[in-house]
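These values consider heavy atoms only, across backbone and side chains, with no hydrogens, waters or symmetry-generated copies.
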Amino acid sequence: MMRSLYSGVSGLQNHQTRMDVIGNNISNVNTYGFKRGRVNFQDMISQQLSGAARPTEELGGVNPKEVGLGMSVASIDNIFTQGNLQSTGVITDVAIQGNGFFVLQGGENTYYTRNGDFSIDRDGTLVNPANGMRVQGWMAQEANGQMVVSTAATPTDLVIPVGSKDMARETTNVNFACNLDKRMPEITDGATQADIINGTWGTEQKIYDSFGNAHLLSVSFTKVAGTPNSWQAVVQIDADNADFTQTRTGIGTTDGVGNTFIVNFDNYGYLQSIVDTAGNVSNPEGEASLQVSYTVPDSNPDADGNPYRQTLNLNLGVIGSARNTITQSASKSTTKAFYQDGYTLGYLDTFKIDSSGIITGVYSNGTTRTIGQLALATFTNDRGLEKAGENTYVESNNSGMANIGESGVAGKGKLQAGALEMSNVDLSEQMTDMIVTQRGFQSNAATIRTGDEMLETVLSLKR
C-alpha cells in the first residue's frame with residue numbers, strides 16, 4: 001500500500017509538470033516565433049517480487065513478478081514545427097520559412113531566435129527592439145565598383161545607413177539597340193531640308209557628368225547615298241550648346257577628330273562594322289563601340305589649362321548579332337537606348353530584404369545598392385538548445401555548434417520580409433492535452449485516497 005501512495009505522488013508531481021508546460025504553451029499562443037513544449041513520461045524502476053525461471057524438463061518457464069514504483073518525466077522537448085506566417089507590411093519584420101534561427105548578439109553572448117520582429121535604432125543598427133540585441137549578418141564591401149557580400153566572413157552587426165549619400169556618378173556607358181528602317185530614303189545632293197528631316201532617324205538618351213548634371217545625348221542616323229546598307233551617324237551632347245560641348249567621337253581614342261561615324265550592315269540586317277571620322281574601323285568580331293568625349297560645363301581646367309572633358313563608351317552591340325544590338329530591317333525605326341550607368345546625387349530613402357536575406361538600399365536618385373545580408377544558424381540537434389528567455393535560445397552541450405550561413409543553403413530556410421512567424425501552439429491540441437492531464441492528475445489523487453483508506457482499514461483491525 002505504501003508503494004501505491006508513492007506511485008500516486010510521483011504521478012501528481014509529474015502531471016503537474018505537464019500542466020505547467022501546457023499552461024506555458026497556451027500563454028504563448030500569440031508570441032511570435034514561439035515553439036511549443038511537449039512532456040514525455042516514463043515509468044520508474046520496479047521492485048521485483050520474484051525473478052524469472054527458465055524452463056526445465058518437467059516444467060515450463062516462469063515470468064518475473066515486478067511492481068512498478070511510479071513514473072517520472074522522460075523529457076521536455078521543444079517542437080520546432082513551422083508556424084504560420086502573418087503578413088505585417090513592416091519592412092524590418094522577417095520570417096523564416098523552413099529551418100534556421102536568426103543570430104543575435106548581446107554583449108559577448110550569442111543568442112538565436114525565430115522571432116524576426118526587428119527594427120532600427122538611432123545609429124541605424126538592426127536590432128531586436130525588445131532587448132536591444134543586435135542582429136548579425138554580413139555588411140557589403142565595395143569591390144571593382146560593385147557591392148559584394150562575403151558570407152565566408154565572421155558575422156557582424158548590420159547597419160543600415162538611412163539618409164546616407166550616394167554620390168553622383170558620371171555616365172561611362174550608353175548601350176543602343178535601335179532598329180533602322182531599311183526602307184528610309186537616301187539623302188542625295190540637292191536634297192531639301194524636308195527630305196533630310198524625313199530621311200533621318202534620331203535617338204536620345206539622358207546622361208550625367210561627374211557633378212550629376214544631366215545632359216542630352218542625341219544620335220541621328222541618315223542613309224549614305226550610293227551604299228544601301230550604310231548609315232551616317234551624328235553625335236551631339238546638348239545640341240543647343242554644341243559650340244561649347246564640342247562633342248567628338250573615335251574608335252580606340254578618347255579624343256576623336258569629329259562627331260560622326262558610319263554604321264555598316266550586312267545583307268541580313270546584322271551589324272557588320274563601324275567606322276569613325278578618322279577612318280578607324282571597329283573589331284570584326286565582338287563588341288562594336290566607340291568613345292564619345294565632351295566638355296563639361298562649369299568645371300576646372302586640367303593641369304595644362306585645357307577645358308575638362310569626359311568620355312563615355314557608345315556601345316552599339318555585338319557584330320553579327322541581333323540581341324541588344326543596332327540592326328537594319330525593313331521595319332519601322334525604333335528609338336531604344338536601353339542602358340546608361342550615370343546618375344545624380346541621391347539619399348537612402350528606404351530598403352528591402354529579399355528571400356536570401358540580402359538587404360538592398362533604395363536611393364532617391366533611383367539607384368539601388370546592396371547593404372548587407374542576414375545570417376541564419378542551424379544546429380544538428382535543435383531540440384538540444386536551451387531557452388534563454390525573451391524568445392531566444394543558446395547552445396548547449398547536446399545541441400551542437402551553430403552552423404552559420406546564408407538562407408537557402410545547407411538546409412537553411414528562406415526568408416520573407418514584411419511577415420512574422422506565429423506561434424506553433426495549436427489551442428485545440430493543448431485543450432485536449434489539458435483534459436487528459438487533469439484526468440491523470442485526478443486518477444493519481446484517487447490512488448492516494450484509496451491507499452489511505454486501505455491503511456485506515458488495517459489500523460482499525462486492532463480495535
Side-chain angles (χ1 to χ4, degrees), residues 1-31 34-56 58-81 83 379-389 391 393-400 423-463:
M1 288 181 288
M2 296 297 292
R3 287 185 299 230
S4 65
L5 290 176
Y6 285 108
S7 293
V9 170
S10 68
L12 287 177
Q13 292 174 336
N14 295 316
H15 277 82
Q16 180 60 57
T17 299
R18 185 178 185 183
M19 184 59 71
D20 293 339
V21 173
I22 293 173
N24 183 60
N25 290 341
I26 294 175
S27 67
N28 285 282
V29 67
N30 290 316
T31 301
F34 178 80
K35 299 303 177 183
R36 64 183 175 89
R38 181 186 67 187
V39 178
N40 296 320
F41 291 147
Q42 66 183 6
D43 65 333
M44 292 179 67
I45 59 174
S46 298
Q47 181 178 359
Q48 192 173 79
L49 301 181
S50 64
R54 60 185 176 85
T56 65
E58 293 80 13
L59 298 172
V62 177
N63 293 327
K65 299 179 183 67
E66 297 174 318
V67 177
L69 300 179
M71 49 87 75
S72 64
V73 174
S75 65
I76 301 177
D77 300 326
N78 293 318
I79 307 302
F80 287 98
T81 55
F379 297 86
T380 304
N381 175 28
D382 52 12
R383 291 188 179 184
L385 292 170
E386 294 181 1
K387 290 187 175 182
N391 263 5
Y393 301 87
V394 294
E395 292 180 12
S396 74
N397 293 334
N398 197 40
S399 65
S423 168
N424 68 349
V425 173
D426 185 335
L427 272 180
S428 60
E429 179 185 9
Q430 296 302 307
M431 291 301 181
T432 302
D433 285 348
M434 185 184 298
I435 294 172
V436 173
T437 303
Q438 181 185 12
R439 295 308 182 197
F441 186 90
Q442 291 173 336
S443 298
N444 280 276
T447 300
I448 295 175
R449 285 197 303 270
T450 303
D452 178 59
E453 292 173 358
M454 293 174 67
L455 283 173
E456 185 177 356
T457 300
V458 171
L459 292 175
S460 67
L461 293 176
K462 182 180 179 182
R463 296 192 292 270

So which heavy atom on L69 is nearest to which on S7, and how close? C-OG, 3.4 Å
S423 to V29 - nearest heavy-atom pair and separation: CB-O, 3.3 Å
Taking side chain to side chain donor-acceptor pair (under 3.5 Å) as the test, write out the residues that go with D20, two or more places apart. Q16
Closest heavy-atom pair and its distance - V39, V21: CG2-CG2, 3.4 Å
Using only atom types and a distance under 3.5 Å, with no angle test, would you say the side chain of N398 pairs donor to acceptor with the backbone of G384? no
Do N424 and T81 have a side chain donor and acceptor closer than 3.5 Å? yes
Applying side chain to side chain donor-acceptor pair (under 3.5 Å), name anything that partners T56, two or more places apart in sequence or on another chain. none
Check whether any side-chain heavy atom of E395 lies under 4.5 Å from a side-chain heavy atom of F379, and answer yes or no. yes
How close do A388 and V394 get, heavy atom to heavy atom, and via which atoms? CB-CG1, 3.9 Å
Partners meeting side chain to side chain donor-acceptor pair (under 3.5 Å) with Q438 (sequence neighbours left out): none
Only counting residues at least two apart or in another chain, list the ones meeting ring pair (Phe, Tyr, Trp, His ring centres under 6.0 Å) with Y393. F80, F101
Working to the nearest 0.5 angstrom, can you tell me the gap between M434 CE and L427 CG? 9.0 Å
Count the heavy atoms belonging to other residues, nucleotides or ligands that lie under 6.0 Å from CG of N40, then report whether that count exceeds 12. yes
Taken in chain and number order and not counting sequence neighbours, the residues that satisfy salt bridge (charged side-chain N to carboxylate O under 4.0 Å, His left out) with R38 are D77
From N28 CG over to K35 NZ, what is the distance, rounded to the nearest 0.5 angstrom? 12.5 Å
What heavy-atom pair brings P64 and A52 nearest, and what distance separates the two atoms? CD-CB, 3.6 Å
Would you give the length of the straight line joining atom CG of L5 to atom OG of S10, rounded to the nearest 0.5 angstrom? 11.0 Å
Go through the structure and list residues passing side chain to side chain donor-acceptor pair (under 3.5 Å) with N25, not counting sequence neighbours. Q430
Which value, rounded to the nearest 0.5 Å, describes the distance between T17 atom OG1 and I22 atom CD1? 11.0 Å
In short, T437 meets H15 closest at the heavy-atom pair CG2-O, 3.3 Å
Within a 6.0 Å radius of atom CG on N397, are there more than 12 heavy atoms belonging to other residues, nucleotides or ligands? no
Once you round to the nearest 0.5 Å, how far does OG of S399 lie from CG of D382? 9.0 Å
How long is the straight-line distance from CG of N24 back to CZ of F34, given to the nearest 0.5 Å? 4.5 Å
